[in-house]
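These notes concern the structure reproduced below.
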2 protein chains.
Amino acid sequence: MRKLARATLKDVAELSGVSEISVSRVMRNTPNISSTLRKKVEQAAATLNYTPNRVAGALASKSTQLLAVIVPSMSNSVFPEVLDGIDAVLSKTAYRTVLGISHYDEQREEEIIQDLLSWNPSGIIVTGFEHTARSLDMLSRFPNPVIEIMDADGSPIDVSIGVSHQQAGILMADHLVGQGYRKIAYVGAEGERPSRSIKRRESFRKRLSELAVPLSCMQIEASDSSVLLGKQTCSDLLRKYPDTDAIYFDNDDLVVGAYMHCLQAGIDIPGQLALAGFNGLPFMDAMPMKITTIRTPRLEMGVAAAELFLARMETEKQAPAEGSKVVMPLQFILGETS
Amino acid sequence: MRKLARATLKDVAELSGVSEISVSRVMRNTPNISSTLRKKVEQAAATLNYTPNRVAGALASKSTQLLAVIVPSMSNSVFPEVLDGIDAVLSKTAYRTVLGISHYDEQREEEIIQDLLSWNPSGIIVTGFEHTARSLDMLSRFPNPVIEIMDADGSPIDVSIGVSHQQAGILMADHLVGQGYRKIAYVGAEGERPSRSIKRRESFRKRLSELAVPLSCMQIEASDSSVLLGKQTCSDLLRKYPDTDAIYFDNDDLVVGAYMHCLQAGIDIPGQLALAGFNGLPFMDAMPMKITTIRTPRLEMGVAAAELFLARMETEKQAPAEGSKVVMPLQFILGETS
DNA sequence: ATGAAAGCGCTAACAG
DNA sequence: CTGTTAGCGCTTTCAT
């Protein structure tokens, strides 16, 4: 297949005998265009197989219609779900997503922010409130919407949409103590780099202390959160601290792994050991036993973030002002494992 | 925080008393720059907080350094893993990923292709060989690398990297028949829109026939593949066809769900029923029983695709020619469930 | 090693 | 409703 140079506005203008700007107007569906003009242009565009060059358009109009999105990970299914939510909203518009993955590394995030901002995106969505000083600086200088997602415990640079991880920790502490557990352990992963995990764990621990049931032990694994890691860690932890009567896991994949361990090892749940997780991931409702967890609205956060962004773009709508913080609800799911 | 207009090359040039092009050269690290010039420019750039505008750069140089990536889904963890692989490679370079999600809809894919190509990306990665006629047309006209991933059964527009789904179907048919199963069922999902699923299923079915053990039944669910769906479908299928002695599932999440059902229902595996899946998803190694499946190299395909793309970009390296097809190996994982 | 001029392909602003 | 003119912020090409 011959690959010819792409047709430009000028080509279409010449072929249809009108000015470039008229072609531009037709392509952008600007109001007040005669149907004759439109017809001529559309035909010429079709025969030339014309596709507008968005790069040139973006430069001239100073608006890229790109939304930069930075998430920390792809292996925790939470973030693909958020991206799905964002895309579901953007796909109805001309906005596109430019992706960055920070791997829970603020330094790496800073590089990505710098790189993505050089594209002059129409907005940027970043994960969490914790960023390097330089990231913070770049983001606050950025003239377009900056949306921090996933968290609610912090002050947004511009606007934020998320859940309170501190509240999650408290809810779970109250629940476990209320159920009578007294030797409560906590298990985390990824070297606990996600700051939101730390918020949950710390408020969990603090609340336990307040309830006079201090955290009995805590195990933070270096590797990425996964079902297998949960299985291994549960086995480990029970060997070292056999009197543990409840474990709260940083993420649902861990608790599922732990559940698998207990199934295999013949550990009675919740009689011998209580189990609880976090996120309410999809596979949780397929387990033989309903597992206690706290559901986070991932898709919804993605959708809400994208919608907030669009609202900001359309001056007509009344968009949330700078500094506003949307706190989305957490859903406590009482399972049979605690 | 005051949001000042972004500094431009011109501003930096004026402040440092050199020409714009010199600033441009310093920013791009072009060879043959005196250290005095470099120092002056770098200092001016720093005080002005200058960040190059990549949109302008892309227009002038006719190269965006954007890689368009279109995947069908985010809820099947296979695709986030591919994206992770792509990002791992690109993150070391100046290339960025622009994302599109087609939801297994060729029509939607066509729209996304058109939209993304209007950005003049430096390359495009699409999933599979099946596209609308217009998509095919746009992709073959596209002057930059077009990489079709995930599949090996078809002819690439440009180049492809993937696994043979037909081979997967055959491997599993041979295995199950070899193990003595004679009432073999197949379960799929997503209305079987993924063409690769159809390839697996059809070659599975064909091979079974050749082995004189025709497929005993087949159940295709409309909803997205998930653990829960696998659990429900397994239960359903066994009710309708109680003499089934083996089920081959389109995806591992389904087989895990089925396994959960059997655990709960007290069905003996593999004595009463054999189970097998596809993909080798991470949670598979955490199950109490090792589940038979065929592992696909997802991360590796992403990495290979991104590397092939980069190789094509750097004229120095000898890049794979148009028409070349990379077939990646499938790994049969013999579990205890069959 | 550095600069001047021209232009990438489009749209804003202002006519008419 | 349509056209003219001037850029958007950068890089290419060609000088020097």
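Here is the naming used below: chain letters follow the sequence lines, and residue numbers restart at 1 for every chain.
- As rounded to whole Å, 13 Å separates atom P of C/dG3 from atom CG of B/Leu9.
- For the pair A/Ile21 CD1 and C/dG9 P, the interatomic distance rounds to 16 Å; values are reported in whole Å.
- Checking D/dG9, D/dT2, C/dC10 against the side-chain heavy atoms of A/Thr8 singles out C/dC10 as nearest.
- The CE atom of B/Met27 sits 7.5 Å away from the OG1 atom of B/Thr51 when rounded to the nearest 0.5 Å.
- Under the side chain to side chain donor-acceptor pair (under 3.5 Å) test applied with A/Arg134, the options A/Glu111, A/Gln107, A/Glu106, A/Gln114 reduce to a single match, A/Gln114.
- Spacing between atom CG of B/Asn120 and atom C1' of C/dC10 amounts to 12 Å, rounded to whole angstrom units.
- Here A/Ser24 does not reach the OP1 or OP2 of C/dC10: none of its side-chain N or O atoms lies under 4.0 Å away.
- An OP1 or OP2 oxygen of D/dG3 is reached within less than 4.0 angstrom by a side-chain nitrogen or oxygen of A/Ser22.
- Summarising the geometry, atom CD1 belonging to B/Ile157 is positioned 10.0 Å from atom CG belonging to B/Asp137; distances are rounded to the nearest 0.5 Å.
- Within the 4.0 Å cut-off from OP1 or OP2 of D/dT11, at least one side-chain nitrogen or oxygen of B/Arg28 is found.
- In this structure, CZ of B/Arg54 is placed 18 Å from C1' of D/dC8, rounded to the nearest angstrom.
- Contact annotation for A/Arg25: base contact, defined as any heavy-atom pair under 4.0 Å involving a base atom.
- If you measure from atom CD of B/Glu14 to atom C1' of D/dG9, you get 13 Å, rounded to the nearest angstrom.
- Contact check, B/Asn53 against D/dG9: no side-chain N or O comes under 4.0 Å of OP1 or OP2.
- Contact annotation for B/Val18: backbone-only contact, meaning every heavy-atom pair under 4.0 Å involves sugar-phosphate atoms and none involves a base.
- Within the 4.5 Å cutoff, side-chain heavy atoms of A/Leu310 are placed close to those of A/Tyr95.
- Proximity of A/Ser19 to the phosphate of D/dG3: a side-chain N or O atom is located under 4.0 Å from OP1 or OP2.
- Taking only side-chain nitrogens and oxygens, B/Ser34 comes nearer than 4.0 Å to OP1 or OP2 of C/dT2.
- Look at B/Tyr50 and you'll find a side-chain N or O under 4.0 angstrom from OP1 or OP2 of D/dC10.
- Applying the 4.0 Å criterion to OP1 and OP2 of C/dC8, one finds that A/Lys10 has every side-chain N and O outside that range.
- As rounded to whole Å, 16 Å separates atom C1' of D/dT11 from atom CG of B/Asn29.
- Atom CG of A/Asn32 is separated from atom C1' of C/dA15 by 16 Å (rounded to the nearest Å).
- Taking the charged nitrogens against the carboxylate oxygens, A/Asp153 and A/Arg196 have no contact shorter than 4.0 Å, which rules out a salt bridge.
- When each of A/Val23 and B/Ile33 is assigned the nucleotide of DNA chain C bearing its nearest heavy atom, the one mapping closer to the 5' terminus is B/Ile33.
- For B/Glu20 and D/dG7, the CD to C1' distance is 13 Å, given to the nearest whole Å.
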